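Worksheet: one structure, shown below.
What you see is a predicted model, and the numbers here were worked out from it, not measured in a lab.
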Amino acid sequence: MPLRGFDGRFHFTGEELKKILLIAAALSLAACGDKAPEKAAAGKPAASTAGQVLNVYNWPDYVAPDTISNFEKQYDVVVRYDVFSGNDVLEQKLRDKAVAYDVVFPSARPYAADQIKQGLLRTLDKSALGNWKNLSADALQGLSALDAGNAHLVPYMWGTTGLGINVDKVGGILGHGADLATWGTLFNPVNAARLSDCGIGVVDDDEEGHTAALIWLGRDANDLSASNLGAVQDAFAKIRPYIRKFGNATELIDDLASGKLCMILSYSGDVAQAQSRAEELAKGGEAPEIKYLIPREGALRWMDVVAIPKDSTNPKLAHQFINYLLEPEVMSSITNHVAYANANTASTPLIDKEISGDPGIYPPAAVAARLVDSADFSEEQRRQRKDSWNKIVYSLMR
């Protein structure tokens, strides 16, 4: 969308412009008389933000198709919307200060936690967030461990990392009655070998990969000792010849939807998006059934948050945008599109029942009890895990 601005056809000196503004103000007062100024109609742009620009940095496919355009129309502003492929990319941008973003969407652990420690995020003005009351108390309590008083982070979407499967293909190979809700579907070399022809994909993320393997091995998922890192490498070495692709989430969604892959290790909402994409590709025909499974051994639970960088040039509009996102109608429309659970309790009744009732997206209490939250690792620990992951992806090539 083009930026709004002067067209250059009129030129005034500073003194002339001052006179024009004084005359305009006088005419405005005369027209109003003694009447009190009327309140802006609901949904109308505030005079203080109309025509302004908001710079947003988010993950791909993480809002509804009309989320941004509706905000622009409602507040008569321009949104410059950029997307990033991973948390490392976002964090580097915040550190380099190459672009002054106003709103960003990092993962809470460990990235947003680190950004708070580094002073990269602005303290929220909650008086400007009237919709804060719509947030889940449990989500806020969970974030308070890394953000005291919930001063910097707004919970956005959350989910788990598990298995996405093409039911017909995987069931046809391993048996339609087989219990597939286990990490053994991937990490058991016998199963991986049998599924290699139809295609296995793994999200290229060291946290997701290591946590899944440690849970499968029955080890502490938050223990990054040399012994555990070695055990993860051994677990992947046994199945590495059968993994067709280590890719980003968008690639895995497309490949699972198109049938290039029959099983992926990825994020909960991405698998639901793959089902929608498969139905689009079928063009009215019969689409394959794609299902998300949380392994019975447990899975990593993650949360993405919304924050305002310290270097934001328009924090007022940033607060307005966040408050807009917290409207139940807006948040429910996003969840209905991206198929991720959100932390906005007031939006739940407005979410499609097939999403809010899906145990892979909104897991029941018994399943939730087996979910693991990532610890607050040191930078050195994360570097070691990243090095370990690079060995798995690149050094163990078949």
Side-chain angles (χ1 to χ4, degrees), residues 158-223 228-229 231-246 249 252-253 255-256 261-272 274-275 288-302 339 341 358-374 389 392 396:
W158 68 274
T160 56
T161 304
L163 297 174
I165 64 168
N166 181 311
V167 174
D168 289 337
K169 289 186 176 182
V170 174
I173 294 171
L174 299 184
H176 288 290
D179 178 12
L180 302 176
T182 168
W183 284 118
T185 306
L186 171 65
F187 287 107
N188 184 325
V190 175
N191 291 334
R194 295 175 66 187
L195 293 174
S196 61
D197 286 342
C198 66
I200 297 173
V202 174
V203 67
D204 189 1
D205 187 292
D206 59 288
E207 180 177 27
E208 317 302 329
H210 276 81
T211 304
L214 288 171
I215 292 174
W216 156 246
L217 293 168
R219 299 192 176 211
D220 183 350
N222 283 317
D223 179 356
N228 270 8
L229 293 180
V232 170
Q233 291 176 35
D234 290 342
F236 270 101
K238 293 174 182 177
I239 63 171
R240 183 64 183 87
Y242 313 122
I243 297 174
R244 183 176 298 176
K245 172 181 280 190
F246 286 88
L252 297 184
I253 290 172
D255 288 350
L256 186 61
L261 298 174
C262 65
M263 182 173 71
I264 63 173
L265 185 165
S266 195
Y267 312 107
S268 51
D270 288 352
V271 177
Q275 176 68 70
E289 180 184 359
I290 294 174
K291 190 173 183 179
Y292 177 73
L293 302 173
I294 299 177
R296 63 171 176 268
E297 298 89 356
L300 177 67
R301 172 172 47 201
W302 51 263
D358 187 331
I361 300 174
Y362 283 90
V367 176
R370 297 194 297 272
L371 300 180
V372 175
D373 295 316
S374 182
W389 186 247
I392 291 168
L396 300 178

- Tightest non-hydrogen contact, residues L217 and A235, listed as CD1-CB, 4.4 Å
- Item | Counterpart residues, salt bridge (Lys or Arg N to Asp or Glu O under 4.0 Å), relative to R296 (two or more places apart) | D179
- Item | Euclidean distance, Y267 OH relative to E208 CD, rounded to 0.5 Å | 4.0 Å
- Query: Rounded to the nearest 0.5 Å, how far apart are OG1 of T182 and CZ of F187?
  - Reply: 10.5 Å
- Do you know the tightest heavy-atom contact between R244 and C198? NH2-C, 3.8 Å
- Task: Check the angle between the aromatic planes of F246 and F236 and answer parallel, tilted or perpendicular using the 30° and 60° thresholds.
- Result: tilted
- Task: Identify, with sequence neighbours excluded, every residue that meets side-chain contact (heavy atoms from CB on, under 4.5 Å) alongside P363.
- Result: W158, I294, V367, L371
- Flag side-chain contact, heavy atom, 4.5 Å: V271 against K291: no
- CZ on R301 to CG on D373, rounded to 0.5 Å: 4.0 Å
- Residues L163, W183; criterion side chain to side chain contact (heavy atoms under 4.5 Å, CB included); working and verdict: CA-CA 8 Å; L163 297 174; W183 284 118; 3.8 Å; yes
- Rounded to the nearest 0.5 Å, what separation is found between the CG atom of D168 and the CD1 atom of I173? 11.0 Å
- Item | Distance (rounded to the nearest 0.5 Å) between M263 CE and L186 CG | 4.5 Å
- Message: Side chains of D204 and W389 only: does a donor on one sit below 3.5 Å from an acceptor on the other?
- Response: yes
- Message: With side chain to side chain contact (heavy atoms under 4.5 Å, CB included) as the criterion, how do I200 and I264 come out once you've worked through the C-alpha distance, each side chain's angles and the decisive distance to 0.1 Å?
- Response: CA-CA 6 Å; I200 297 173; I264 63 173; over 6 Å; no
- Got more than 12 heavy atoms from elsewhere within 6.0 Å of NZ, K169? yes
- Query: How would you list, by chain and number, every residue that makes a side-chain contact (heavy atoms from CB on, under 4.5 Å) with D223, sequence neighbours excluded?
  - Reply: D220, S225, N228
- Distance-only polar pair, side chains of Y292 and S266, donor-acceptor under 3.5 Å: no
- Can you check whether L265 reaches T161 side chain to side chain, under 4.5 Å on heavy atoms? yes
- Task: Can you measure from CG (N166) to CG (L261) and round to the nearest 0.5 angstrom?
- Result: 10.0 Å
- Query: Less than 4.5 Å apart, any side-chain heavy atom of Y242 and any of L195?
  - Reply: no
- Determine, step by step, whether L300 and T160 satisfy the side chain to side chain contact (heavy atoms under 4.5 Å, CB included) criterion, reporting the C-alpha distance in whole Å, the side-chain angles of both residues, the deciding distance to 0.1 Å, and the verdict. CA-CA 5 Å; L300 177 67; T160 56; over 6 Å; no
- Where do A221 and V372 come nearest, in terms of heavy atoms and distance? CB-CG1, 4.0 Å
